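Only one structure is covered here, and it is reproduced in the block below.
Bear in mind the structure is a predicted one, so any value in this text is a computation, not a measurement.
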Amino acid sequence: MGFSQDNLKGFVLALSSSAFIGASFIIKKKGLRRAAAASGVRAGVGGFSYLLEPLWWLGMITMIVGEVANFVAYAFAPAVLVTPLGALSIIVSAVLAHFILNEKLHQLGILGCVMCIAGSIVIVIHAPQESPITSVQEIWSMATQPAFLLYVGSVIVLVFIMIFHFAPQCGHSNVLVFTGICSFMGSLSVMSVKAVGTALKLTFEGNNQLLYPETWFFVFIVATCVITQMNYLNKALDTFNTAVVSPIYYVMFTSLTILASVIMFKDWDGQNVGSIISEICGFIVVLSGTIVLHTTREFERSSSFRGSYASLSPRCNGNGEFMKHEEENLLPDEAVFFQRQEMH
(Lines give C-alpha, C1' and ligand atoms only; values in the text may rest on other atoms or scores of the structure.)
Protein backbone atom coordinates (compact mmCIF):
# COMPACT_ATOMS: atom_id res chain seq x y z
CA MET A 1 0.00 0.00 0.00
CA GLY A 2 1.46 3.36 -1.01
CA PHE A 3 2.48 6.05 1.43
CA SER A 4 -0.27 8.68 1.19
CA GLN A 5 0.24 12.44 1.35
CA ASP A 6 -1.63 12.63 4.66
CA ASN A 7 0.57 9.89 6.12
CA LEU A 8 3.63 11.78 4.93
CA LYS A 9 2.42 14.98 6.60
CA GLY A 10 1.65 13.09 9.81
CA PHE A 11 5.07 11.41 9.71
CA VAL A 12 6.93 14.70 9.21
CA LEU A 13 4.92 16.36 12.00
CA ALA A 14 5.52 13.43 14.39
CA LEU A 15 9.22 13.45 13.53
CA SER A 16 9.39 17.21 14.07
CA SER A 17 7.56 16.81 17.36
CA SER A 18 10.10 14.27 18.62
CA ALA A 19 12.98 16.51 17.55
CA PHE A 20 11.56 19.59 19.28
CA ILE A 21 10.54 17.79 22.45
CA GLY A 22 13.79 15.84 22.73
CA ALA A 23 15.79 19.05 22.26
CA SER A 24 13.59 21.01 24.66
CA PHE A 25 14.68 18.96 27.66
CA ILE A 26 18.34 19.53 26.91
CA ILE A 27 17.76 23.28 26.52
CA LYS A 28 15.71 23.43 29.72
CA LYS A 29 18.29 21.41 31.63
CA LYS A 30 21.03 23.80 30.47
CA GLY A 31 18.84 26.66 31.68
CA LEU A 32 18.27 24.96 35.03
CA ARG A 33 22.00 24.43 35.50
CA ARG A 34 22.77 28.03 34.56
CA ALA A 35 20.11 29.33 36.95
CA ALA A 36 21.36 27.08 39.77
CA ALA A 37 24.94 28.27 39.22
CA ALA A 38 23.83 31.91 39.34
CA SER A 39 21.56 31.65 42.39
CA GLY A 40 23.13 28.79 44.30
CA VAL A 41 19.72 27.10 44.76
CA ARG A 42 18.65 24.19 42.56
CA ALA A 43 15.10 23.77 41.30
CA GLY A 44 15.06 20.28 42.80
CA VAL A 45 15.25 21.71 46.32
CA GLY A 46 12.73 24.50 45.84
CA GLY A 47 14.56 27.14 43.83
CA PHE A 48 12.65 29.16 41.22
CA SER A 49 15.45 31.25 39.77
CA TYR A 50 15.09 29.33 36.50
CA LEU A 51 11.94 31.38 35.81
CA LEU A 52 14.25 34.31 35.16
CA GLU A 53 16.51 32.29 32.86
CA PRO A 54 15.87 32.95 29.11
CA LEU A 55 17.36 29.58 28.15
CA TRP A 56 14.77 27.75 30.26
CA TRP A 57 11.95 29.67 28.58
CA LEU A 58 13.43 28.85 25.17
CA GLY A 59 13.19 25.20 26.17
CA MET A 60 9.56 25.64 27.19
CA ILE A 61 8.71 27.28 23.87
CA THR A 62 10.49 24.47 22.03
CA MET A 63 8.45 21.90 23.95
CA ILE A 64 5.17 23.68 23.19
CA VAL A 65 6.03 23.72 19.47
CA GLY A 66 6.72 19.98 19.67
CA GLU A 67 3.45 19.23 21.45
CA VAL A 68 1.48 21.26 18.89
CA ALA A 69 3.18 19.38 16.05
CA ASN A 70 2.29 16.07 17.71
CA PHE A 71 -1.32 17.18 18.14
CA VAL A 72 -1.62 18.14 14.47
CA ALA A 73 0.04 14.89 13.37
CA TYR A 74 -2.96 12.92 14.65
CA ALA A 75 -5.22 14.91 12.32
CA PHE A 76 -3.36 13.56 9.29
CA ALA A 77 -2.04 10.08 10.15
CA PRO A 78 -3.33 7.07 12.09
CA ALA A 79 -2.29 6.55 15.71
CA VAL A 80 -0.61 3.30 14.59
CA LEU A 81 1.93 5.51 12.79
CA VAL A 82 2.16 8.58 15.05
CA THR A 83 2.23 7.09 18.56
CA PRO A 84 5.28 4.78 18.26
CA LEU A 85 7.31 7.64 16.74
CA GLY A 86 7.19 9.34 20.13
CA ALA A 87 10.07 7.07 21.11
CA LEU A 88 12.34 9.06 18.81
CA SER A 89 12.29 11.98 21.25
CA ILE A 90 14.24 9.78 23.66
CA ILE A 91 16.89 9.25 20.98
CA VAL A 92 17.13 12.99 20.29
CA SER A 93 17.50 13.68 24.01
CA ALA A 94 20.11 10.93 24.49
CA VAL A 95 22.22 12.01 21.52
CA LEU A 96 22.10 15.72 22.40
CA ALA A 97 22.88 14.92 26.05
CA HIS A 98 25.93 12.99 24.87
CA PHE A 99 27.35 15.95 22.93
CA ILE A 100 26.03 18.92 24.94
CA LEU A 101 25.74 17.72 28.54
CA ASN A 102 28.59 15.18 28.42
CA GLU A 103 26.21 12.38 29.48
CA LYS A 104 27.94 9.54 27.70
CA LEU A 105 25.91 7.31 25.39
CA HIS A 106 27.62 3.92 25.47
CA GLN A 107 27.27 0.83 23.30
CA LEU A 108 23.98 -0.50 24.72
CA GLY A 109 22.49 2.99 24.48
CA ILE A 110 23.55 3.21 20.84
CA LEU A 111 21.99 -0.22 20.24
CA GLY A 112 18.72 1.02 21.77
CA CYS A 113 18.77 4.07 19.47
CA VAL A 114 19.40 1.91 16.39
CA MET A 115 16.56 -0.44 17.38
CA CYS A 116 14.12 2.48 17.80
CA ILE A 117 15.08 3.91 14.42
CA ALA A 118 14.89 0.54 12.64
CA GLY A 119 11.51 -0.28 14.17
CA SER A 120 10.16 3.17 13.30
CA ILE A 121 11.25 2.77 9.67
CA VAL A 122 9.39 -0.55 9.44
CA ILE A 123 6.26 1.02 10.94
CA VAL A 124 6.40 3.99 8.59
CA ILE A 125 6.86 1.80 5.50
CA HIS A 126 3.90 -0.43 6.36
CA ALA A 127 1.63 2.19 7.97
CA PRO A 128 -2.03 1.95 6.89
CA GLN A 129 -3.87 4.68 5.04
CA GLU A 130 -6.89 6.23 6.69
CA SER A 131 -10.18 6.73 4.90
CA PRO A 132 -10.92 10.45 4.37
CA ILE A 133 -13.01 11.92 7.20
CA THR A 134 -15.44 14.66 6.20
CA SER A 135 -17.02 15.63 9.54
CA VAL A 136 -16.76 15.21 13.29
CA GLN A 137 -20.11 13.43 13.16
CA GLU A 138 -18.42 10.71 11.12
CA ILE A 139 -15.87 10.29 13.91
CA TRP A 140 -18.74 10.23 16.41
CA SER A 141 -20.31 7.32 14.53
CA MET A 142 -16.97 5.48 14.78
CA ALA A 143 -16.78 6.24 18.51
CA THR A 144 -20.29 4.91 19.11
CA GLN A 145 -19.91 1.64 17.21
CA PRO A 146 -20.51 -1.41 19.47
CA ALA A 147 -16.91 -2.68 19.38
CA PHE A 148 -15.43 0.64 20.51
CA LEU A 149 -18.17 1.23 23.09
CA LEU A 150 -17.27 -2.18 24.54
CA TYR A 151 -13.62 -1.09 24.70
CA VAL A 152 -14.54 2.24 26.35
CA GLY A 153 -16.81 0.50 28.84
CA SER A 154 -14.09 -2.01 29.71
CA VAL A 155 -11.54 0.79 30.18
CA ILE A 156 -13.85 2.78 32.47
CA VAL A 157 -14.65 -0.27 34.61
CA LEU A 158 -10.99 -1.27 34.89
CA VAL A 159 -9.90 2.28 35.73
CA PHE A 160 -12.52 2.61 38.47
CA ILE A 161 -11.51 -0.77 39.93
CA MET A 162 -7.84 0.25 39.93
CA ILE A 163 -8.54 3.70 41.42
CA PHE A 164 -10.91 2.65 44.19
CA HIS A 165 -9.75 -0.89 44.96
CA PHE A 166 -6.15 -1.54 43.93
CA ALA A 167 -4.66 1.95 44.30
CA PRO A 168 -5.37 2.26 48.06
CA GLN A 169 -4.22 -1.33 48.71
CA CYS A 170 -1.16 -1.80 46.51
CA GLY A 171 -0.70 1.34 44.42
CA HIS A 172 2.49 2.21 46.29
CA SER A 173 3.93 -1.28 46.02
CA ASN A 174 2.92 -2.39 42.51
CA VAL A 175 4.05 -0.19 39.62
CA LEU A 176 1.36 -1.61 37.29
CA VAL A 177 -1.50 0.09 39.18
CA PHE A 178 -0.66 3.75 38.58
CA THR A 179 0.86 3.13 35.14
CA GLY A 180 -2.17 1.03 34.19
CA ILE A 181 -4.55 3.88 35.02
CA CYS A 182 -2.41 6.30 32.99
CA SER A 183 -2.20 3.94 30.03
CA PHE A 184 -5.91 3.11 29.82
CA MET A 185 -6.90 6.78 30.10
CA GLY A 186 -4.15 7.70 27.65
CA SER A 187 -5.58 5.46 24.95
CA LEU A 188 -8.92 7.30 25.22
CA SER A 189 -7.24 10.71 25.28
CA VAL A 190 -5.38 10.00 22.03
CA MET A 191 -8.60 8.96 20.29
CA SER A 192 -10.23 12.18 21.45
CA VAL A 193 -7.18 14.25 20.49
CA LYS A 194 -7.39 12.77 17.01
CA ALA A 195 -11.09 13.68 16.83
CA VAL A 196 -10.45 17.26 17.98
CA GLY A 197 -7.46 17.61 15.64
CA THR A 198 -9.50 16.39 12.69
CA ALA A 199 -12.35 18.76 13.58
CA LEU A 200 -9.94 21.71 13.68
CA LYS A 201 -8.33 20.64 10.41
CA LEU A 202 -11.74 20.53 8.69
CA THR A 203 -12.67 23.87 10.26
CA PHE A 204 -9.52 25.54 8.90
CA GLU A 205 -10.35 24.07 5.49
CA GLY A 206 -13.68 25.91 5.56
CA ASN A 207 -15.95 23.19 6.92
CA ASN A 208 -16.76 24.53 10.40
CA GLN A 209 -16.96 21.69 12.93
CA LEU A 210 -17.09 23.90 16.03
CA LEU A 211 -20.86 24.19 15.62
CA TYR A 212 -21.37 20.53 16.49
CA PRO A 213 -21.72 19.43 20.14
CA GLU A 214 -19.70 16.30 19.34
CA THR A 215 -16.58 18.44 18.90
CA TRP A 216 -16.92 19.94 22.37
CA PHE A 217 -17.69 16.56 23.88
CA PHE A 218 -14.37 15.27 22.53
CA VAL A 219 -12.65 18.38 23.98
CA PHE A 220 -14.16 17.53 27.38
CA ILE A 221 -12.94 13.93 27.12
CA VAL A 222 -9.42 15.12 26.25
CA ALA A 223 -9.31 17.41 29.30
CA THR A 224 -10.68 14.75 31.66
CA CYS A 225 -8.35 12.01 30.44
CA VAL A 226 -5.22 14.18 30.39
CA ILE A 227 -5.82 15.47 33.94
CA THR A 228 -6.32 11.91 35.20
CA GLN A 229 -3.25 10.71 33.28
CA MET A 230 -0.95 13.36 34.65
CA ASN A 231 -2.22 12.91 38.20
CA TYR A 232 -1.47 9.20 38.31
CA LEU A 233 1.70 9.45 36.25
CA ASN A 234 3.04 11.90 38.83
CA LYS A 235 2.09 9.42 41.56
CA ALA A 236 3.96 6.66 39.72
CA LEU A 237 7.08 8.79 39.20
CA ASP A 238 7.01 9.93 42.82
CA THR A 239 6.67 6.36 44.12
CA PHE A 240 8.89 4.29 41.81
CA ASN A 241 12.19 4.72 40.04
CA THR A 242 11.97 6.45 36.67
CA ALA A 243 13.83 3.58 34.97
CA VAL A 244 11.01 1.24 36.02
CA VAL A 245 8.05 3.54 35.31
CA SER A 246 9.10 4.89 31.91
CA PRO A 247 9.46 1.70 29.83
CA ILE A 248 6.44 0.02 31.46
CA TYR A 249 4.29 3.07 30.83
CA TYR A 250 5.51 3.47 27.24
CA VAL A 251 4.80 -0.19 26.44
CA MET A 252 1.31 -0.17 28.01
CA PHE A 253 0.28 3.24 26.71
CA THR A 254 1.44 2.66 23.14
CA SER A 255 -0.02 -0.86 22.97
CA LEU A 256 -3.43 0.25 24.25
CA THR A 257 -3.47 3.33 22.01
CA ILE A 258 -2.80 1.22 18.92
CA LEU A 259 -5.49 -1.28 20.02
CA ALA A 260 -8.02 1.53 20.53
CA SER A 261 -7.17 3.05 17.14
CA VAL A 262 -7.49 -0.30 15.37
CA ILE A 263 -10.95 -0.79 16.92
CA MET A 264 -12.26 2.74 16.43
CA PHE A 265 -10.72 3.78 13.11
CA LYS A 266 -10.25 0.24 11.74
CA ASP A 267 -6.67 1.04 10.78
CA TRP A 268 -5.90 -2.49 9.63
CA ASP A 269 -8.96 -2.95 7.42
CA GLY A 270 -7.82 -3.47 3.85
CA GLN A 271 -4.23 -4.28 4.81
CA ASN A 272 -2.73 -7.65 4.03
CA VAL A 273 -1.48 -9.96 6.76
CA GLY A 274 2.15 -9.34 5.83
CA SER A 275 1.87 -5.58 6.40
CA ILE A 276 0.11 -6.03 9.73
CA ILE A 277 2.76 -8.51 10.93
CA SER A 278 5.50 -6.11 9.80
CA GLU A 279 3.92 -3.26 11.77
CA ILE A 280 3.66 -5.42 14.88
CA CYS A 281 7.30 -6.53 14.52
CA GLY A 282 8.43 -2.93 14.03
CA PHE A 283 6.46 -1.91 17.10
CA ILE A 284 8.08 -4.66 19.19
CA VAL A 285 11.55 -3.55 18.02
CA VAL A 286 10.77 0.07 19.02
CA LEU A 287 9.55 -1.08 22.44
CA SER A 288 12.65 -3.20 22.97
CA GLY A 289 14.94 -0.35 21.91
CA THR A 290 13.14 2.03 24.27
CA ILE A 291 13.56 -0.35 27.21
CA VAL A 292 17.26 -0.87 26.41
CA LEU A 293 17.86 2.88 26.12
CA HIS A 294 15.99 3.71 29.34
CA THR A 295 17.76 0.97 31.28
CA THR A 296 21.20 1.94 29.97
CA ARG A 297 20.81 5.64 30.76
CA GLU A 298 19.49 4.93 34.26
CA PHE A 299 22.28 2.41 34.94
CA GLU A 300 24.91 4.93 33.84
CA ARG A 301 23.34 7.66 35.97
CA SER A 302 23.14 5.33 38.98
CA SER A 303 26.75 4.24 38.54
CA SER A 304 27.89 7.85 38.37
CA PHE A 305 25.86 8.74 41.43
CA ARG A 306 27.16 5.80 43.44
CA GLY A 307 30.70 6.91 42.70
CA SER A 308 30.11 10.10 44.71
CA TYR A 309 27.48 8.98 47.22
CA ALA A 310 28.25 5.35 47.88
CA SER A 311 27.84 5.81 51.62
CA LEU A 312 24.15 6.70 51.41
CA SER A 313 21.11 4.49 52.05
CA PRO A 314 20.44 0.92 50.73
CA ARG A 315 20.05 0.24 47.05
CA CYS A 316 16.81 -1.68 46.58
CA ASN A 317 13.59 -2.60 48.36
CA GLY A 318 12.35 -5.23 45.89
CA ASN A 319 9.82 -3.01 44.09
CA GLY A 320 12.14 -1.29 41.65
CA GLU A 321 12.83 1.65 43.99
CA PHE A 322 16.61 1.23 43.99
CA MET A 323 18.69 4.32 44.73
CA LYS A 324 15.60 6.29 45.70
CA HIS A 325 17.80 9.02 47.14
CA GLU A 326 19.20 9.47 43.65
CA GLU A 327 15.80 10.61 42.39
CA GLU A 328 15.84 13.41 44.95
CA ASN A 329 19.02 14.81 43.40
CA LEU A 330 17.73 14.90 39.83
CA LEU A 331 16.70 18.10 38.17
CA PRO A 332 12.92 18.11 37.63
CA ASP A 333 13.12 17.86 33.84
CA GLU A 334 14.92 14.51 34.07
CA ALA A 335 11.73 13.01 35.52
CA VAL A 336 9.25 15.16 33.60
CA PHE A 337 10.85 14.09 30.29
CA PHE A 338 9.24 10.68 30.60
CA GLN A 339 5.76 12.06 31.34
CA ARG A 340 5.19 13.24 27.79
CA GLN A 341 5.87 9.82 26.32
CA GLU A 342 3.09 10.05 25.39
CA MET A 343 0.87 11.81 25.85
CA HIS A 344 1.50 11.24 22.28
Side-chain angles (χ1 to χ4, degrees), residues 5-35 43 50-79 81-101 113 116-117 120 123-124 186 189-205 218-219 222-223 225-227 229-230 233-234 246 250 253-254 257 286 290 293 331-344:
Q5 286 297 315
D6 278 352
N7 273 12
L8 180 59
K9 292 176 183 176
F11 167 70
V12 171
L13 286 165
L15 205 61
S16 302
S17 170
S18 293
F20 278 110
I21 290 171
S24 74
F25 285 95
I26 305 302
I27 298 171
K28 287 172 70 179
K29 189 168 181 177
K30 290 281 287 185
L32 286 166
R33 287 182 173 180
R34 184 180 294 180
Y50 61 87
L51 294 175
L52 302 176
E53 174 56 53
L55 196 59
W56 185 85
W57 283 106
L58 176 61
M60 280 296 296
I61 293 171
T62 305
M63 175 179 285
I64 292 171
V65 171
E67 294 292 357
V68 170
N70 189 73
F71 177 86
V72 177
Y74 281 111
F76 289 98
L81 170 61
V82 176
T83 304
L85 293 179
L88 298 180
S89 62
I90 306 173
I91 297 176
V92 173
S93 176
V95 172
L96 291 179
H98 176 83
F99 290 105
I100 298 175
L101 302 178
C113 292
C116 287
I117 293 172
S120 297
I123 291 173
V124 169
S189 71
V190 169
M191 297 304 100
S192 300
V193 162
K194 185 168 179 61
V196 173
T198 303
L200 292 176
K201 172 190 170 188
L202 293 171
T203 299
F204 290 137
E205 290 175 351
F218 283 124
V219 171
V222 169
C225 291
V226 168
I227 291 171
Q229 263 184 279
M230 297 308 298
L233 183 57
N234 285 331
S246 300
Y250 180 79
F253 166 74
T254 309
T257 297
V286 171
T290 303
L293 187 54
L331 292 171
D333 285 1
E334 292 179 292
V336 174
F337 171 76
F338 301 104
Q339 294 185 18
R340 67 85 45 193
Q341 293 303 322
E342 42 306 188
M343 295 299 300
H344 338 337

Nearest 0.5 Å, what's the CD1-OG1 distance between Ile26 and Thr62?
11.5 Å
Only pairs under 3.5 Å count here: list side-chain donor-acceptor contacts from residues 190-198, not counting sequence neighbours, and write none if there are none.
unit_1 : atom_1 : unit_2 : atom_2 : d
Ser192 : OG     : Leu188 : O      : 3.1
Lys194 : NZ     : Tyr74  : O      : 2.5
Lys194 : NZ     : Ala77  : O      : 2.9
Lys194 : NZ     : Glu130 : OE1    : 3.0
Lys194 : NZ     : Glu130 : OE2    : 3.1
Thr198 : OG1    : Lys194 : O      : 2.7

In this structure, CD1 of Ile117 is separated from CD1 of Ile91 (nearest 0.5 Å) by 4.5 Å
Just so I know, are the side chains of Leu88 and Ser120 near enough to count as touching, which here means a heavy-atom distance under 4.5 Å?
yes
When rounded to the nearest 0.5 Å, the distance separating OG1 of Thr290 from CD1 of Ile90 is 5.0 Å
Spacing of CZ belonging to Phe25 relative to CE belonging to Met63, to within rounding of 0.5 Å:
3.0 Å
Over all heavy atoms of both residues, which pair between Pro78 and Asn7 is shortest? Give the atoms and the distance, please.
CD-OD1, 3.3 Å
Using atom types as modelled and distance alone, determine if a side-chain donor or acceptor of Ser16 lies under 3.5 Å from a backbone N or O of Val12.
yes
CG-CD distance between Leu8 and Gln5, expressed to the nearest 0.5 angstrom:
5.5 Å
Would a 4.5 Å heavy-atom cut-off, applied to side chains only, mark Thr83 and Phe253 as touching?
yes
Taken in chain and number order and not counting sequence neighbours, the residues that satisfy ring pair (Phe, Tyr, Trp, His ring centres under 6.0 Å) with Phe76 are none
Result for side-chain contact (heavy atoms from CB on, under 4.5 Å) between Leu55 and one of Arg33, Lys28, Lys30 points to Lys30
Check: Lys201 and Asp6 side chains under 4.5 Å, non-hydrogen atoms
yes
Provide the closest heavy-atom pair for Ile123 versus Pro84 in the form atom of the first, atom of the second, distance.
CD1-CB, 3.7 Å
Closest non-hydrogen atom pair between Ala87 and Val286, with its separation:
CB-CG1, 3.7 Å
Under 3.5 Å donor-acceptor, Ser189 side chain and Gly186 backbone:
yes
Enter the distance from Trp57:CH2 to Leu52:CG here, rounded to the nearest 0.5 Å.
9.5 Å
For residues Thr257 and Ala79, report the shortest heavy-atom separation together with the two atoms involved.
CG2-CB, 4.2 Å
Side chains of Val124 and Leu85 in contact at under 4.5 Å (non-hydrogen atoms)
yes
Side-chain heavy-atom pair Leu200, Phe71 within 4.5 angstrom cut-off:
yes
Closest non-hydrogen atoms of Gly59 and Ser24, given as atom of the first, atom of the second and distance, are O-CB, 3.3 Å
Quick one: does Ser93's side chain have a donor or acceptor within less than 3.5 Å of a partner on Ser89's backbone?
no
Correct closest heavy-atom pair for Gly10 and Ala73 would be O-CB, 3.6 Å
